[in-house]
Every structure is written in structure tokens, then in C-alpha cells.
Number of protein chains: 2
Amino acid sequence: MSPRRVTLADVAKAAGVSRTTASLVLSGRGRELRISQDVEQRVLRAADELRYRPNIVSVGLRTGTTRTIGFVSDTVATSRLAGDMIKGALEAARDRGFMLFIGETEGDSELERLLLQAMHDRQVDGLVLASMFTRTIKVPEDITNAPAVLLNALPEQPTPLPAVLPDEVEAGRTAARALLEAGHRDGVYLIGAGPGMRDVPPESVAAVERLVGIREAFGDAGVAVAGGRTCADWQPEYGLAATRELLRTARPRALICFNDRIAMGAYQALDDVGLKVPDDVSVVSFDDHPIASWIRPKLTTVALPYYELGRKAVDVLFTEIGRDHAGPDGQGEVHRVPMPLCSRESIAPPPAAAPAG
Amino acid sequence: MSPRRVTLADVAKAAGVSRTTASLVLSGRGRELRISQDVEQRVLRAADELRYRPNIVSVGLRTGTTRTIGFVSDTVATSRLAGDMIKGALEAARDRGFMLFIGETEGDSELERLLLQAMHDRQVDGLVLASMFTRTIKVPEDITNAPAVLLNALPEQPTPLPAVLPDEVEAGRTAARALLEAGHRDGVYLIGAGPGMRDVPPESVAAVERLVGIREAFGDAGVAVAGGRTCADWQPEYGLAATRELLRTARPRALICFNDRIAMGAYQALDDVGLKVPDDVSVVSFDDHPIASWIRPKLTTVALPYYELGRKAVDVLFTEIGRDHAGPDGQGEVHRVPMPLCSRESIAPPPAAAPAG
DNA sequence: ATCGTGCGCTAATCCGATTTAGCAAAGGAC
DNA sequence: GTCCTTTGCTAAATCGGATTAGCGCACGAT
């Protein structure tokens, strides 16, 4: 079918030189090894005319580098949430002429082992180990064969692997400040976790860190959080239930929902009792899920910077690949990516506190 | 750092045989080439003890097959909608010991060219060309170098490439029947396209085919669609606007929304005028987007079978890879994947037609 | 003329497998 | 004893590049 691929030998023949010379010229080492201008031009022209492209498989075999990185996740690739993470990784890789292998473990460590093996069999130059939601993971042992980076995950035990994570603590502060700046000082309730540091779902790094940031910002402002409700799962129905429960005993002025889906449930609960967002109750949330701009009024939320996380992970991976992989270097660095506030329509000054502007 | 990988030569040495023999045994051709039981056992044991795994890069160079397929899309991978398509493809590939390269073109044909090149440079065994939403695409010429399949896309010009698509026409019938079976015969309106065959957004294969199915099912039942509204974009806000507009002049009994986001907007419009779903107005939709089960009442919708689409595409690709790539074989086959109805809470019998059950 | 020295290029090896062709030893026929 | 088979295994070539070592030539110095 397709005409055979053009190889270095073809180029060499067309230029009337040896494969060695052609290789030297094309790898830019012609000068260094004293190839004449004339020959250099001939080779370059031949390569161009024949549309020569080096076979990366061959290069991979000889040099050990395949210009390929593996992106292994529990279920990120196919999570509707974090596709942007892949996108960021994809583009960062593309910028450097690298391709991405994608693999999913679904949390199954046997699958993970197999997947990492398959990637090593294909001589990937590096690995990104990603998690759909921020959490601590057990770093598989086979990892150390190639440079690797944790994405949206922290190692259970100390490892030399660097990690890239959203700056959740600062996000917590950001959310809190958004309310404080609107003038809220009373009746601020949390939905999804809190108010105490122990009221968090297990395994959720995000919950803990967001809560830390929230408490810190309010603390600094001398404001006390009025209360909070945990949710078994951060889904709309649980947000709805938690908010309903809250409304039975309290009259909130503002809600900090721990994610947008919870906020969606909260909207429904508020609507049920005739409370208007943001006039009666302000709502701020986290993630910037697409629904945040679909529900009305549009939700003000602190965005998870998926795209940047993906990019950053690959960037860090490349410096890791570049590094001399000499001795054990202790603890991997943790990179925090800022979470920007998406100001929309769900925050207003509290009714009582709306004097002359 | 990591101990050097175990190679075939290591196994051969450990078993006290030549690399040839080791290769023969491990590739299962030992019997055929008269290798003795004794030697066979020695090789097998050595390979096992050393945990030998063939280097796929090397195999790729020698045999030309890399057990890798490329998944090229406009923006599927990172679309929150169609991640399941990747998942299906990933799992189908994994079942056969294949890995997936992911690439996005973002509709840029130059990027596409580069990406396909990069994949060929890595000797992929086959390609999936996917589109985020069903549409016709211009098939790049470089494609013919390897087996390929179109996913969620139809070729602009006839090609020998097979295509895998959701069965949208049948989905249209399914949606229509869901209403008919609930007893709806009057006041059925379409939101997003229709009622005429010319009232469809450009480029949207889904719109046309869904409309065909809807009209057919109603036609067969002797029922006339009461009317329809097109939407410039199938987003909630346009669904909201279109439904509002409709409500100004009509009193619908049932709505067929062309996707779930439109339905979300329709819900809002109905809510605004105090109409209850499904008691006053039944709603049925397409896609089974996550919000379909988040909004209240939960939306009955005809699901886009993303996961199955991805699986099917890879399955078809494998038969394509298996085929003798001999002569030009005319037109590629079109595979349609069924779209199942997700019955939830948004359909009820029309008020007048709710007699004794 | 002889030797040394750059210059400009190439032969040969390697990466880790697969695959073809063929060799040495044992067994059988005559 | 010779020749032919069959058996059981291996040497060598190959895939497409990168890389090391070194060859042949021209030129200048002696």
C-alpha cells in the first residue's frame, strides 16, 4: 500500500554520501565534525526533497529516548471534570515534540502495575501519575525506573518525586475573602465540610486544605464562621439535603459550598424555601465546574486550574528528565498552582450591611 | 540508577542457549522449529526468573508493529462530554495489549498534519480519528499510511475508511416513542431544531438525524408535531430563550429538547412561568449529560453511548488492522451504535389523558 | 622524499529483538 | 562404509538510526 518510508539511507544515497555523514548533518553535528558546506547542503536538500523524517522507534532503540511520556491516572482522562488536565499536559508535551500515552488504573493496583510495565516496555521518557481528585496515593515501586511527577496527588510515604497540586489553602482564603469583601461577617455557613477541622470527608485533601484557608481568612478578619454541615458525598443531592437540614435551624446570610455540585444542591434548597441568591443569601464555591455558569444566578467559584495543573506537571517532568539522575535526592518538591476566583453573580452584600456605597 | 533492563540475550545466557532459540521459544514457535522440551523449559524458566519482558521499541523496529494506536481528535480527549469515548477506546485497546497515543488538533489542520506525522514517526499500528460532536470531516491524506477508523464523524468525500457513529435516527424515534407511549399526541414541541427538516443548525449531523427519527416516529403514529424552535447554539441559555419565546404563544404539553443543556434551559423557562415538569409539561432530551440526573425532576434522555462508541471504534480498527491491506476497497462501512433511553422523571401522561390505569 | 598534521568523510558497531539460512550430530537405508 | 534425512540448534542478517574509531588525502615542514 503506502510507499515505503524514506530512511536515512535513502537520503544518504540521494546526497551521494554515507549514512554517517547524513546522520551527522541532520543531527546538527556537521560543523563540529568538519563536514563541508557543500556536503551539508546536499544532505539537507536531499532530506528536504525526500521529506525525510527520522523513525522515532529506531532512535528510541539506539538512544533510549522515545520522545514520549506516559500519563497514568486513576480515572482522570475520562473524568469529565479533569479533561483539561490532559489538555494542559498534551500541549506542554507537544511544545517539546513529545507524545502522550494515556492509561487508566481505576484505582486497581494490579492494573496500575500492568500499565506501568506496558509503558516501560515502550521506553517512555517520563511518567505523570495523576489523580482525579486531590488525594494521597501509594507510589508504586516500579516508578523509579524513569523520571516521574505526581499530579493532583501527594505521596503517602516520602518519595523523591515532585508533586503538582492546586493551592487549595489559598483557595479557601480566596473564597472567604470574597465574602468578607462583600461585607459578610455574620451568618456564614459551610456546606460540605467544617466548621471544625475534624469535620471533613476521609481522604479528601481538598476539604482539609480549603477548610484551613477559610478558617484562617475569617480568623484574620476576626470573624467567626457560624456553622457548617458535612456531606457524605460531594454531589448535588447531598448538598441539597445538607442545606435543607441547615435551613431548618438557621437563617444563613452566606454559604461557602465545598464544590459546585454541592452548591447546585444548595441552590435548590434555598429556592425551595423562597430564599433568593444572592439578595438573601450569598453563595461561593469551588471548582468552576461547567454548571457554575449554567445555574442561575451564575455561581461565583474558586476555579480548579486543571489546564495549568496538566501543563505544570509536564513542565516539572521535563526538568526532572533533564536532571542528572544521580543519587537519591530526598524529598520531592511540591508545586502549588494558584486557584483563581471566578466572580459571577452569586455574591452580594448582606441585606443589613448595604449602606451608602 | 535502575538496574539495566533484562534482555533476550540475558535470558539466552541464563538458559545456556542462543538468542535465536530463546526468541523462538518465547514467541511460541519452539515446537514448530523443533526445539526440545528440555531447552524449552530452561528458556521459559530463565525468562520467568529474570522477569524478562520484550522491549517493544525493539520489536517495533524489527517487525514494524508497536502495539500502539493513535487517537486523534479535534478536542474529544479534553471535552468533559466525551471522555468516556476515550475510556472505551482505552479499554478495548488494553484488552489486546495495546496502548493509546492521544492527540488533539483543535480543528487546526496544520496541527493535525503534525500530529499524524508524529504518530507515524512512532509507527502506530492504527489510527482513530474522532470528533467531539457528530459531523462530517475532511479526511487528511496522510491517513492512508495506516489502518484508520472515523469515530463520531463521517467523511466529506467517500473514503475506504470505516466509521463508527451513534444511531441518531433511531434515537429520534426513541425519544418520540417515549412521549407517544406516555399518551402524548398533542402539543408536542421541539426545542433546538425543527419542526421542518430545514430548521437545523449547520454542520450538525445529530440535529438532522434526530429530527428525521422524531418526524418518522410521529408520522408513523399519525401524530403531528405542534411546532419547534431552533437554537443558535445548543447551550442552556439558548434553550431558555427559545422556550421562553415558545411559551409566549403556545401552551406545550411536551418538549423534545435536542440536548440536555437545552433541556436545562427549558426547565428554567418552564419554572419561570410556573409550569411543572412532568405534570404540566413532559420533557425528553438527548445525550445523557451528567446534569440530566442532577436537575430536578431528573431528566429522561436518550443517551449518547460514548463508552461503547470508543470501544467499537477500536474494535473496528482491529479488524481493519487484521485485514489484508491489499487493493482499494471502495466505501468504508458505517457502524451505528444504539442510543439507549434513560427513563427518569420528566415524562408523565398528558393531564387530559390520565384515565384509570 | 619523508613525516606529521588537519581535514573531510566513512566503516563498523551497537541498540534488542525477529527471522532466514544453514550447520553438526544422530539415525536410517542400502 | 557412504549417503541421505531428520533433529536440534545457532550464526548472521535485518530493522533505522547514532556514534566511535579511523582511513585516505593534501599540505606544510624538514
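Just so you know, these numbers use all the heavy atoms, side chains as well, and skip hydrogens, waters and symmetry mates. Residue numbers begin at 1 in each chain, while the letters A, B, ... track the order of the sequences. Not measured: the values here are computed from a predicted model.
Residues meeting the side chain to side chain donor-acceptor pair (under 3.5 Å) test with B:R122, sequence neighbours left out: A:T68. Listed by chain and number, the residues in a ring pair (Phe, Tyr, Trp, His ring centres under 6.0 Å) with B:F101 are A:F101 (sequence neighbours excluded). Legend: residues meeting side chain to side chain donor-acceptor pair (under 3.5 Å) with A:Q157, ordered by chain and number and at least two apart, are absent. Residues meeting the ring pair (Phe, Tyr, Trp, His ring centres under 6.0 Å) test with A:F318, sequence neighbours left out: A:F98. With sequence neighbours left out, the side chain to side chain contact (heavy atoms under 4.5 Å, CB included) criterion links A:D108 to A:E110, A:L111. A search for ring pair (Phe, Tyr, Trp, His ring centres under 6.0 Å) contacts involving B:Y52 returns nothing, not counting sequence neighbours.
B:D121 and A:R67 are not joined by a salt bridge, as no carboxylate oxygen comes within less than 4.0 angstrom of a charged side-chain nitrogen.
Look at CG on B:D10: it is 13 Å from C1' on C:dA17, rounded to the nearest Å. The CZ-C1' distance, from B:R31 to D:dG8, rounds to 14 Å in whole Å. Atom CD in A:E32 sits roughly 15 Å away from atom C1' in C:dC9 (whole-Å rounding).
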- Base, backbone or nothing for each nucleotide of nucleotides 16-24 of chain D, written B, S, -, heavy atoms under 4.0 angstrom, 5' to 3'? BBBBB----
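Proximity of residues 36-46 of chain A to DNA chain D (heavy atom under 4.0 angstrom from any strand atom) is not detected for any residue.
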Show the atom names and distances, to 0.1 Å, of all donor-acceptor pairs under 3.5 Å that link a side chain in residues 33-41 of chain B to residues at least two apart or in another chain.
unit_1, atom_1, unit_2, atom_2, d
B:S36, OG, B:V39, N, 3.3
B:D38, OD2, B:R42, NH1, 2.9
B:E40, OE1, B:R31, NH2, 3.4

